[in-house]
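First the structure, in the form of structure tokens, and then the observations on it.
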Amino acid sequence: MSNIPKTQIAAVVPFHGAALEIRKDHPVKQPSELAPGECLVKLSCTGVCHTDLHASNDDWPLHASTPLVGGHEGIGEIVAIGENTGDCPVKIGDRVGIKWLAYSCLNCEQCRNGREQNCPKAKLSGFSVDGTFAQYTVSYVYHVTPIPKNLDSNAAASILCAGVTVYRALKYSHAKIGEWVVLPGAGGGLGHLAVQYAVAMGLRVVAIDTGSEKKKLCLELGAEKWIDFQEEKDIVQAVREACDGEGAHCAVVTTASPSGYTQAVDYLRPGGTLMAVGLPGEAKLEASIFFTVFKSINILGSYVGNRQDAVEALEIASRGRVVVRYECKGLSELKNVYDALKQGNVAGRIILEMSR
């Protein structure tokens with residue numbers, strides 16, 4: 001513990017509306033300062049998510065705490081645990097992951113029903129508490145996730161948010177083996193993982209996105225059908241034709257565009273399910289009430305995942321069924337990464353390595 005520094009490099013948003021700053025003197029919480037249940041993690045890498053961009057830009061209906069250290073897809077080693085932590089499930093030296101959900105009480109109605117992410121006392125990494133855009137961060141021993149030994153840290157990082165999010169949405173869609181699932185934004189960070197989880201679950205994938213690079217990626221990952229939304233004039237009809245002329249059984253919509261949700265209700269077959277996953281700040285979900293009822297359409301919101309969802313998503317990836325396509329950069333390049341995300345120029349995921 002004696003080699004834990006007093007300060008560190010961290011990416012900080014000082015206040016709402018301020019530009020991101022790379023600081024070299026951000027304080028590190030010392031082991032003696034940790035509360036029971038807290039742990040200090042020395043990070044090796046972290047993923048970058050659209051949610052981090054929203055938090056940095058303060059463009060959601062919910063507002064992040066400031067000054068803000070963003071990030072919620074971190075992998076690192078536990079270097080200290082708060083004194084008097086009872087029944088601790090982890091130990092110093094363990095490699096663990098830090099997710100969007102940093103803490104929940106585990107005892108309320110939401111937690112008991114497996115919706116820990118909806119706990120009224122939830123703490124969110126990189127939003128309401130400091131996250132993983134730093135060399136060290138504080139998290140909670142009952143919520144950090146052990147990383148399978150055979151899974152690379154850089155790959156595991158994106159599973160902690162993007163992977164868990166799409167895995168849970170597919171899991172709770174109740175789509176059955178051999179059924180059609182539509183994935184708008186299939187070539188993006190969440191989408192390319194959703195393609196693989198869907199294939200691993202025996203589903204048939206219709207990928208919607210644009211560009212030759214994303215088309216190649218989606219088909220390589222197992223999508224059976226590809227629809228380019230910039231080239232196709234009638235997305236709804238194209239999806240119906242791709243799915244045996246009857247429409248899809250399920251759509252997992254991760255995009256921020258409201259049109260993705262409206263179209264899904266139209267191209268789903270009777271009894272189909274729309275899983276709403278993306279979090280656009282101001283968009284409204286508009287759909288025909290008549291045809292939603294007439295077609296017996298299910299519309300479900302799916303928000304990240306609980307601790308068990310994370311374990312399952314990582315286990316599938318550890319068996320090679322899901323492979324994260326990522327590019328590595330340094331923490332100092334976070335501003336440029338945000339610019340690329342804004343422009344939609346990121347295929348796969350971006351990982352920031354603390355050693356760079």
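Below, each value reflects all heavy atoms present in this structure, side chains not excepted, and no hydrogens, waters or symmetry copies.
Here the side chain of Arg356 pairs no donor or acceptor atom with the backbone of Ser332 at under 3.5 angstrom. Here the side chain of Glu231 pairs no donor or acceptor atom with the backbone of Asp228 at under 3.5 angstrom. The closest donor-acceptor contact from the side chain of Ser128 to the backbone of Lys123 lies at 3.5 Å or more, if one exists at all. A donor-acceptor contact shorter than 3.5 Å is absent between the side chain of Thr254 and the backbone of Gly278. Judged purely by atom type and a 3.5 angstrom limit, Gln196 uses its side chain to pair as donor or acceptor with the backbone of Val323. Between the Arg112 side chain and the Asn107 main chain, a donor and an acceptor come within less than 3.5 Å of each other. Between the side chain of Tyr197 and the backbone N or O of Ala313, at least one donor-acceptor pair lies under 3.5 Å. The backbone N or O of Cys49 lies less than 3.5 Å from a partner atom in the side chain of Asp52, making a donor-acceptor pair. Between the side chain of Thr132 and the backbone N or O of His72 there is at least one donor-acceptor pair closer than 3.5 Å. Counting only distance, with no hydrogens or angles, the side chain of Ser56 and the backbone of Leu53 share no donor-acceptor pair below 3.5 Å.
When the options Lys171, Arg115, Lys99 are evaluated for a salt bridge (Lys or Arg N to Asp or Glu O under 4.0 Å) with Asp309, the one that passes is Lys171.
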Self-check item: Verdict with reasoning, Lys284 to Glu286, per salt bridge (Lys or Arg N to Asp or Glu O under 4.0 Å)
Solution: CA-CA 6 Å; Lys284 306 295 184 184; Glu286 296 183 359; over 6 Å; no
Quiz item: Given Glu327 and Arg349, is the salt bridge (Lys or Arg N to Asp or Glu O under 4.0 Å) satisfied, shown in steps?
Solution: CA-CA 6 Å; Glu327 179 183 355; Arg349 302 293 287 182; over 6 Å; no
Quiz item: Between Gln110 and Glu116, is a side-chain contact (heavy atoms from CB on, under 4.5 Å) present by the stated rule, with each step listed?
Solution: CA-CA 6 Å; Gln110 299 300 325; Glu116 298 157 2; over 6 Å; no
Quiz item: Checking salt bridge (Lys or Arg N to Asp or Glu O under 4.0 Å) for the pair Glu246/Arg269: CA distance, chi angles, key distance, verdict?
Solution: CA-CA 6 Å; Glu246 298 181 44; Arg269 67 179 63 192; 3.5 Å; yes
Quiz item: Do Lys29 and Glu38 pass the salt bridge (Lys or Arg N to Asp or Glu O under 4.0 Å) test, and can you show the C-alpha distance, the side-chain angles, and the key distance before you say yes or no?
Solution: CA-CA 11 Å; Lys29 194 170 188 178; Glu38 290 184 341; 3.0 Å; yes
Quiz prompt | Verdict with supporting geometry, Lys42 and Gln135, side-chain contact (heavy atoms from CB on, under 4.5 Å) | solution = CA-CA 6 Å; Lys42 182 179 181 181; Gln135 293 172 309; over 6 Å; no
Exercise. Could you give me the CA-CA distance, side-chain angles and deciding distance for Ser158 and Ile351, then say whether side-chain contact (heavy atoms from CB on, under 4.5 Å) is met?
Key: CA-CA 8 Å; Ser158 293; Ile351 302 297; 3.6 Å; yes
Practice problem: Start with the C-alpha distance between Val181 and Val206, add both sets of side-chain angles, then the distance that settles side-chain contact (heavy atoms from CB on, under 4.5 Å), and finish with yes or no. | Solution: CA-CA 6 Å; Val181 59; Val206 177; over 6 Å; no
Quiz prompt | From CA spacing to verdict: side chain to side chain donor-acceptor pair (under 3.5 Å), Tyr267, Asp234 | solution = CA-CA 11 Å; Tyr267 62 60; Asp234 189 339; over 6 Å; no
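In this pair, Tyr103 and Tyr140 present their aromatic rings tilted. The plane angle is within the 30 to 60° band. Between His50 and His54, the ring planes lie tilted relative to each other; the angle falls in the 30° to 60° range.
Under a hydrophobic-cluster definition in which Ile, Leu, Val, Met, Phe, Trp and Tyr are linked whenever side-chain heavy atoms come within less than 4.5 Å, directly or via other members, Leu341 and Val69 are assigned to the same cluster. When the side chains of ILVMFWY residues are joined at heavy-atom separations under 4.5 Å, either directly or via intervening members, Val253 and Leu203 end up in two distinct hydrophobic clusters. When hydrophobic clusters are built by joining Ile, Leu, Val, Met, Phe, Trp and Tyr residues whose side-chain heavy atoms come closer than 4.5 Å, directly or via intermediates, Ile208 is not grouped with Val195. Note on Phe133: it clusters hydrophobically with Val96, by side-chain heavy-atom contacts below 4.5 Å among ILVMFWY residues. Under the 4.5 Å side-chain contact rule for hydrophobic residues, Val164 and Ile316 do not share a cluster.
Listed here is the closest heavy atom pair of Gln30 and Ile4: OE1-O, 3.7 Å. In terms of heavy atoms, Ala11 sits closest to Leu334 at CB-CD2, 3.7 Å. Shortest non-hydrogen contact noted between Gly114 and Asn306 is O-ND2, 2.8 Å. Pairing each heavy atom of Leu331 with each of Ile22, the nearest pair is O-CD1, 3.7 Å. Residue Ile78 comes nearest to Cys39 through the heavy atom pair CG2-CB, 4.2 Å, listed as atom of the first residue, atom of the second, then distance. What you find for Gln117 and Tyr303 is that their closest heavy atoms are NE2-O, 3.0 Å.
Side-chain polar atoms of Ser104 and His143 form a donor-acceptor pair below 3.5 angstrom. Judged by distance alone, the side chains of Asn154 and Glu353 do bring a donor and an acceptor atom under 3.5 Å apart. Neither side chain, Arg307 nor Thr145, offers a donor N or O lying under 3.5 Å from an acceptor on the other. Counted by atom type alone, Asp244 and Trp180 present one or more donor-acceptor pairs between their side chains at under 3.5 Å.
The environment of Arg319 atom CZ is dense: over 12 non-hydrogen atoms of other residues, nucleotides or ligands sit within 6.0 angstrom. Counting heavy-atom neighbours within 6.0 Å of Glu315 CD, excluding the residue itself, gives a total above 12. When the shell of 6.0 Å around OH of Tyr172 is examined, it contains more than 12 heavy atoms from other residues, nucleotides or ligands.
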